[in-house]
Amino acid sequence: MDLMGMHPVQVIAVTGGKGGVGKTNVSVNLSLALAELGRRVMLLDADLGLANVDVLLGLTPRYTLADVIAGECDLRDVLLQGPGGVRIVPAASGTQSMVNLSPVQHAGLIRAFSEIADDLDVLIIDTAAGIGDGVISFVRAAQEVLLVVTDEPTSITDAYAQIKLLSRDYGMSRFRVLANMAHTPQEGRSLFAKLTKVTERFLDVALQYAGAVPYDESVRKAVQRQRAVYEAYPRSKCSLAFRSIAQQVDTWPLPVNPRGHLEFFIERLVQPAEGHSA
């Protein structure tokens, strides 16, 4: 029986060309804002080098995805309860690439995710910074790619490099862009315009603007308290922005074909990309 026969899951990879753009903050707070809208949300910490999500929220994992892949426990044993009912899958340090799994591990991972697919609406993946193999495998398997950029030359250059790689080597053509730490709404828009200008000139891709999260001191205060800003300072500028971005994300089209199922996401995740030699 196909457990995931009917239930589409929105899989969103949150990524950024470089570190320091606030990806993990975006992943965590967007998850909370979507959960507040009544969505059943799971957050997968795929930053395999630096397990950020649990640190950010002051959680201590007993197991990680690596233990599931090794067959030592079920995915349900790994899940941490985060704020707002968001379930968190902690990062598995050391499993740098999902592509090198044995057939047994591969099957185990698909089975693990199929067991939870029925009570899930959105899977948000907090990827590592940069364009290493681990990041690429998650991003190309996801159905929506949310690229976090800030108004720094290196952030824009790195975002462009990531889009270029994903479009040239993996045939990806659609990206959503979120401006983070924007000092004004105009700054977010002009940042998006800068990126669109170079991509339109050199690449065959479509960028869509997902909005801007304002620069807000509350974020730093929340991090010091090991809380999500959305939970600690729900009325902050930043939290209000996440609320409106979540409402927009909630209108993104859901997949209607089998590609939109969690099983397909995992299948894609563990398969080497076609036409690309790693």
So does [Y] get a backbone contact from the side chain of [X], meaning a donor-acceptor N/O pair under 3.5 Å?
| X | Y | answer |
| --- | --- | --- |
| Asp216 | Ser218 | yes |
| Asn180 | Thr150 | no |
| Ser173 | Val205 | no |
| Asp126 | Ser27 | no |
| Lys23 | Thr127 | yes |

Testing [options] one by one against [X] for a side chain to side chain contact (heavy atoms under 4.5 Å, CB included), which residue passes?
| X | options | answer |
| --- | --- | --- |
| Ile12 | Val122, Leu123, Ile125 | Val122 |
| Pro90 | Val78, Asp45, Leu65 | Val78 |
| Leu43 | Val14, Leu57, Val53 | Val53 |

Taking all heavy atoms of [X] and all of [Y], pick out the closest pair and write down the distance.
| X | Y | value |
| --- | --- | --- |
| Trp252 | Arg176 | CZ2-CD, 3.0 Å |
| Ala228 | Ala222 | C-CB, 4.1 Å |
| Leu59 | Pro61 | O-CD, 3.6 Å |
| Gly82 | Ile88 | CA-CD1, 3.8 Å |
| Leu147 | Gly16 | CD1-CA, 4.1 Å |
| Val198 | Tyr160 | CG2-CD1, 3.8 Å |

- Message: Working note: Tyr170 + Val139, criterion side chain to side chain contact (heavy atoms under 4.5 Å, CB included); need CA distance, chi angles, decisive distance, verdict.
- Response: CA-CA 10 Å; Tyr170 301 97; Val139 170; over 6 Å; no
**Prompt:** So, do Leu146 and Leu30 sit near enough that their side-chain heavy atoms are less than 4.5 Å apart?
**Reply:** yes
Applying a strict under-4.5 Å side-chain criterion to I, L, V, M, F, W and Y, I'd like to know whether [X] and [Y] cluster together.
| X | Y | value |
| --- | --- | --- |
| Phe202 | Ile156 | yes |
| Leu34 | Leu32 | yes |
| Leu178 | Val21 | yes |
| Val249 | Phe242 | yes |
| Val213 | Val223 | yes |

Distance from [X] atom [atom1] to [Y] atom [atom2], nearest 0.5 Å?
| X | Y | atom1 | atom2 | value |
| --- | --- | --- | --- | --- |
| Leu207 | Glu200 | CG | CD | 7.5 Å |
| Phe175 | Thr196 | CZ | OG1 | 12.5 Å |
| Arg140 | Asp169 | CZ | CG | 11.0 Å |
| Asp121 | Arg40 | CG | CZ | 4.0 Å |
| Arg174 | Gln143 | CZ | CD | 7.5 Å |
| Cys238 | Met181 | SG | CE | 10.0 Å |

- Does atom CG of Asp204 have more than 12 heavy-atom neighbours, drawn from other residues, nucleotides or ligands, at distances under 6.0 Å? no
So does Asp151 pair up with Lys194, basic N to acidic O under 4.0 Å? yes
side-chain hydrogen bond (donor to acceptor under 3.5 Å, both in side chains) pairs touching residues 233-245, sequence neighbours excluded, are Glu36-Arg243, Arg225-Tyr233, Tyr230-Arg243, Ser236-Ser239
Parallel, tilted or perpendicular: ring planes of Tyr215 versus His183, cut at 30 and 60 degrees: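 Ring orientation of Tyr215 relative to His183: parallel.
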Across all chains, not counting sequence neighbours, the side-chain contact (heavy atoms from CB on, under 4.5 Å) partners of Leu79 are Met42, Arg87, Val89
